Amino acid sequence: MEQNGMVQTGLVHLLQEGSIALPVVLLKEYKRLGLSEKEVMLLIHLILFREKEQKLFPSIGELKERMNGTTDELLQLIERLVKSGLLKIEEELDEEGLHSERYSLVPLFERLISSYTEEKNDKIALEETTYDSIFHLFEQEFGRPLSPWECETLAQWIDTDGYQEELIEAALREAIYCGKMNIRYIDRILLEWQQHKIETVEQAIEYSRKFRQKGTLYQSSERNSSPKPAFSFYNWVNQES
């Protein structure tokens, strides 16, 4: 019993050592930076040595005690990180003229910030491209500029509802085929597809083909509305608004 108590006390002490401030962005962005899992683990240990033990230049032996791999493998990991510009070995002299070295993680943090920023900018650029493409297509097919309400609805399809650009275009083509050229009608087509878990253009085409053959009737899928009488496949809503 006494031995078990000592073990438990040791484990509690180990847990009380706390945690380190590990940048979440490192785990999110390391793949984009071309880092392997072994390289990430090495960087995590360098952060641990720096924050918890105030060791700025842990030896290969100290790293080897905590990581799987031979001395040569660890040296190769460090060499790759240095060559890729993600890790820097700095040299300095103290007031007494003694030479020392330390690992600098500043290049890693700078690249992580740059990668994160680039990813966000890419998403913004993609969204803007999607908006421009969709708005231009609708204005071209409608033969006029879109109203503010129509623009807001299109933006909602993308931002709030999460409809893919291809499905929005497919719904527009369906409305053109039906001769129902207005946003409300297209909105109800998209809601109908969403209700039936249509996620790709191929599924939408197959969905349309089957119901053309069967002539099956549907309930209106208008937003926030009560059930209404059924209607045929090409007549997506009972009354065109």
Side-chain angles (χ1 to χ4, degrees), residues 13-136 155-168 199-200:
H13 177 71
L14 179 62
L15 293 174
Q16 285 178 334
E17 289 186 8
S19 58
I20 60 173
L22 181 64
V24 175
V25 70
L26 172 61
L27 301 180
K28 289 185 175 181
E29 296 293 322
Y30 79 86
K31 184 178 179 181
R32 280 171 57 89
L33 295 183
L35 289 169
S36 68
E37 277 73 15
K38 286 185 177 180
E39 290 169 333
V40 172
M41 185 55 65
L42 174 60
L43 291 168
I44 289 174
H45 278 295
L46 292 180
I47 294 173
L48 173 61
F49 273 111
R50 174 183 293 269
E51 290 197 8
K52 301 299 292 185
E53 303 177 36
Q54 287 73 53
K55 287 186 177 181
L56 304 182
F57 198 72
S59 67
I60 295 298
E62 289 172 319
L63 291 170
K64 189 178 176 183
E65 288 179 359
R66 301 184 181 183
M67 295 184 63
N68 294 321
T70 65
T71 298
D72 287 341
E73 288 173 340
L74 290 176
L75 287 171
Q76 289 174 6
L77 288 176
I78 293 173
E79 183 180 0
R80 285 205 299 269
L81 289 170
V82 171
K83 285 186 176 180
S84 64
L86 295 172
L87 184 65
K88 186 177 181 181
I89 298 177
E90 298 178 335
E91 300 180 1
E92 63 179 3
L93 295 174
D94 61 18
E95 296 177 354
E96 298 179 358
L98 295 177
H99 179 270
S100 64
E101 294 178 317
R102 65 181 179 186
Y103 291 113
S104 173
L105 296 170
V106 171
L108 169 67
F109 297 146
E110 290 177 343
R111 290 280 291 277
L112 287 173
I113 292 172
S114 177
S115 177
Y116 178 79
T117 303
E118 288 175 3
E119 183 181 13
K120 290 297 182 183
N121 289 339
D122 289 344
K123 288 182 178 179
I124 293 173
L126 179 60
E127 289 176 357
E128 291 177 348
T129 300
T130 300
Y131 289 147
D132 291 343
S133 175
I134 290 292
F135 289 172
H136 177 72
Q156 179 183 334
W157 291 345
I158 298 169
D159 296 334
T160 304
D161 299 321
Y163 297 139
Q164 297 297 317
E165 179 180 358
E166 294 80 6
L167 274 183
I168 296 174
E199 298 179 350
T200 67

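Please read these numbers as outputs of a predicted model, since none were measured by experiment.
Expressed to the nearest 0.5 Å, how far CD of Glu92 lies from CD of Glu101 amounts to 10.0 Å. Once rounded to the nearest 0.5 Å, the distance linking CG of Asp72 with CD of Gln76 reads 6.5 Å. Here CD1 of Ile44 is found 6.0 Å from CG of Leu27. Values are rounded to the nearest 0.5 Å. Considering NZ of Lys64 and NE2 of His45, their distance stands at 14.5 Å, rounded to 0.5 Å. Between atom NZ of residue Lys38 and atom CG of residue Leu74 there is a gap of 9.0 Å, rounded to the nearest 0.5 Å. The CZ atom of Arg111 sits 11.5 Å away from the CD atom of Glu29 when rounded to the nearest 0.5 Å.
The shortest distance between side-chain heavy atoms of Arg66 and Leu48 falls below 4.5 Å. Two residues are said to be in side-chain contact when any heavy atoms from C-beta on lie closer than 4.5 Å; Ile89 and Tyr103 meet this criterion.
For the residue pair Glu39 and Gly34, the shortest heavy atom distance occurs at OE1-O, 4.1 Å. Pairing each heavy atom of Pro107 with each of Ser104, the nearest pair is CD-O, 3.6 Å. Closest non-hydrogen pair, Phe109 versus Pro23, comes out as CE2-CG, 3.9 Å.
For Arg32 (side chain) and Ser115 (main-chain N/O), a donor-acceptor pair under 3.5 Å exists by modelled atom type. When atom types are taken as modelled, the side chain of Glu53 and the backbone of Arg50 share no donor-acceptor pair closer than 3.5 angstrom.
For the side chain to side chain contact (heavy atoms under 4.5 Å, CB included) with Leu42, the qualifying choice from Leu35, Leu63, Ile47 is Leu63, the only one to do so. The one candidate from Leu105, Leu43, Leu46, Leu108 that meets the side chain to side chain contact (heavy atoms under 4.5 Å, CB included) condition with Leu81 is Leu43.
Using a 4.0 Å cut-off between charged nitrogen and carboxylate oxygen, Glu62 and Lys55 count as a salt-bridge pair.
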Could you walk me through whether Ile134 and Trp157 pass the side chain to side chain contact (heavy atoms under 4.5 Å, CB included) check?
-> CA-CA 11 Å; Ile134 290 292; Trp157 291 345; 5.7 Å; no
Kindly indicate, with the supporting measurements, whether the criterion side chain to side chain contact (heavy atoms under 4.5 Å, CB included) is fulfilled by Ile158 and Tyr163.
-> CA-CA 5 Å; Ile158 298 169; Tyr163 297 139; over 6 Å; no
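Other residues, nucleotides and ligands place more than 12 heavy atoms under 6.0 Å from the CD atom of Glu166. Atom OH of Tyr116 has 12 or fewer heavy atoms from other residues, nucleotides or ligands within 6.0 Å.
The side chain to side chain contact (heavy atoms under 4.5 Å, CB included) search around Ser114 returns Glu118, not counting sequence neighbours.
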